[in-house]
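In what follows, every heavy atom counts, from backbone to side chain, and hydrogens, waters and symmetry copies are set aside. Keep in mind it's a predicted model, so treat the numbers as computed, not measured.
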Amino acid sequence: KNPTTSDNKKQVGNGIGSFTAELTDLKIATTYYVRAYAINSVGTSYGEEISFTTGSAKPTVTTVSPSEVTSTSAVSGGNVTSDGGSAVIARGVVWSKDHNPTVSLSTKTMNGTGTGNYVSSISGLEPGVTYYVRAYATNANGTSYGDEVSFTTQAVKPTVSTTEADEITQTSAKVGGNVTATGGAEVT
């Protein structure tokens, strides 16, 4: 409060009349106090003090590359590096078989609030499928996403059943099977 010319200042001209100054490189969600000033040979005069608070923004978040990938699960997570000047009220990862998954999908984790690192366990995946995952963080200004990364779940053995034999004779029979799942890899 009560800033003077010995604090941060910006000179915008001389003489009498109206003037404006653009203040840049301000911190988000921060209150600033400002007074206009004029200097002549006798001294410095100050206008009345005003204050303003800069706005907040969406959070900043990065995505952790998936690890511990199995046929049905993986581990990922994120790092909320800035809350954007407003509290992070939700964070996690979201995934899909399609690019650019969003929090509107049900395939997401919820890993608390605030800034910092978090770990997300992804489950319910299909074998041998490529998934796209992004970390997310939400504050009052909206949701931000980290970079999209992809991973492919491990394939498993195919699922097959044997059908009952029919057309049985003394020297022949018809038998067969039914492949019900590929296991995520081409059945050869």
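Heavy-atom neighbours of K10 NZ from other residues, nucleotides or ligands within 6.0 Å: above the threshold of 12. Annotation: N14, atom CG; neighbour count of heavy atoms from other residues, nucleotides and ligands within 6.0 Å does not exceed 12. Around the CG atom of D166, the shell of radius 6.0 Å holds more than 12 heavy atoms that belong to other residues, nucleotides or ligands.
Between atom OG1 of residue T107 and atom CD1 of residue I122 there is a gap of 9.0 Å, rounded to the nearest 0.5 Å. Taking OH of Y32 as the reference point, atom NZ of K27 lies at 6.5 Å (rounded to 0.5 Å). From F151, atom CZ reaches atom OG of S65 across 11.0 Å, with rounding to the nearest 0.5 Å. Atom CG of D83 sits about 12.0 Å away from atom CD1 of I89, to the nearest 0.5 Å. To the nearest 0.5 Å, atoms CD (Q154) and CG (L125) are separated by 11.5 Å.
Within the 4.5 Å cutoff, the side chain of V160 has no heavy atoms near those of the P158 side chain. Inter-residue side-chain proximity for Y33 and D7 is flagged as unmet; no heavy-atom pair is nearer than 4.5 Å. Here the side chains of Y145 and N100 are not in contact, with every heavy-atom distance at 4.5 Å or above. No side-chain heavy atom of W95 sits under 4.5 Å from any side-chain heavy atom of L105. Here the side chains of T153 and E126 are not in contact, with every heavy-atom distance at 4.5 Å or above. V61 places a side-chain heavy atom less than 4.5 Å from the side chain of Y118. In this structure the side chain of K9 never reaches within 4.5 angstrom of the side chain of P3, judged on heavy atoms.
Residues V103 and M110 are members of one and the same hydrophobic cluster, defined by side-chain heavy-atom contacts under 4.5 angstrom among Ile, Leu, Val, Met, Phe, Trp and Tyr. Put simply, V34 and V12 are part of two different groups of oily side chains (I, L, V, M, F, W, Y) that touch within less than 4.5 Å, one to the next.
Nearest approach of A137 to V88, heavy atoms of both residues: CB-CG1, 4.2 Å. N139 and N141 get closest at one heavy-atom pair: OD1-N, 2.8 Å. Shown here for N111 and V119, the closest heavy-atom pair between the two residues is ND2-O, 3.1 Å. The minimum heavy-atom distance linking Y132 with P101 is given by the pair O-CG, 3.5 Å. The two residues S82 and T115 make their nearest non-hydrogen contact at C-CG2, 4.3 Å. Closest of all the heavy-atom pairs between A135 and G77 is CB-O, 3.8 Å.
No side-chain donor-acceptor contact under 3.5 Å links K174 to the backbone of E167. Side-chain N or O atoms of T54 include one that pairs as donor or acceptor with a backbone N or O of T30 at under 3.5 Å.
In this model, no donor atom of one side chain and acceptor atom of the other lie less than 3.5 Å apart for S73 and S123. Inspection of the T31 and T53 side chains reveals an N or O donor paired with an N or O acceptor under 3.5 Å. With hydrogens and angles left out, the side-chain atoms of T109 and S120 include a donor and acceptor closer than 3.5 Å.
Partner R134 forms a side-chain contact (heavy atoms from CB on, under 4.5 Å) with one of D147, V93, T102, V149 and no other, that one being T102.
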Q: Walk me through it: do Y46 and T4 pass the test side-chain contact (heavy atoms from CB on, under 4.5 Å)?
A: CA-CA 8 Å; Y46 295 96; T4 68; 3.4 Å; yes
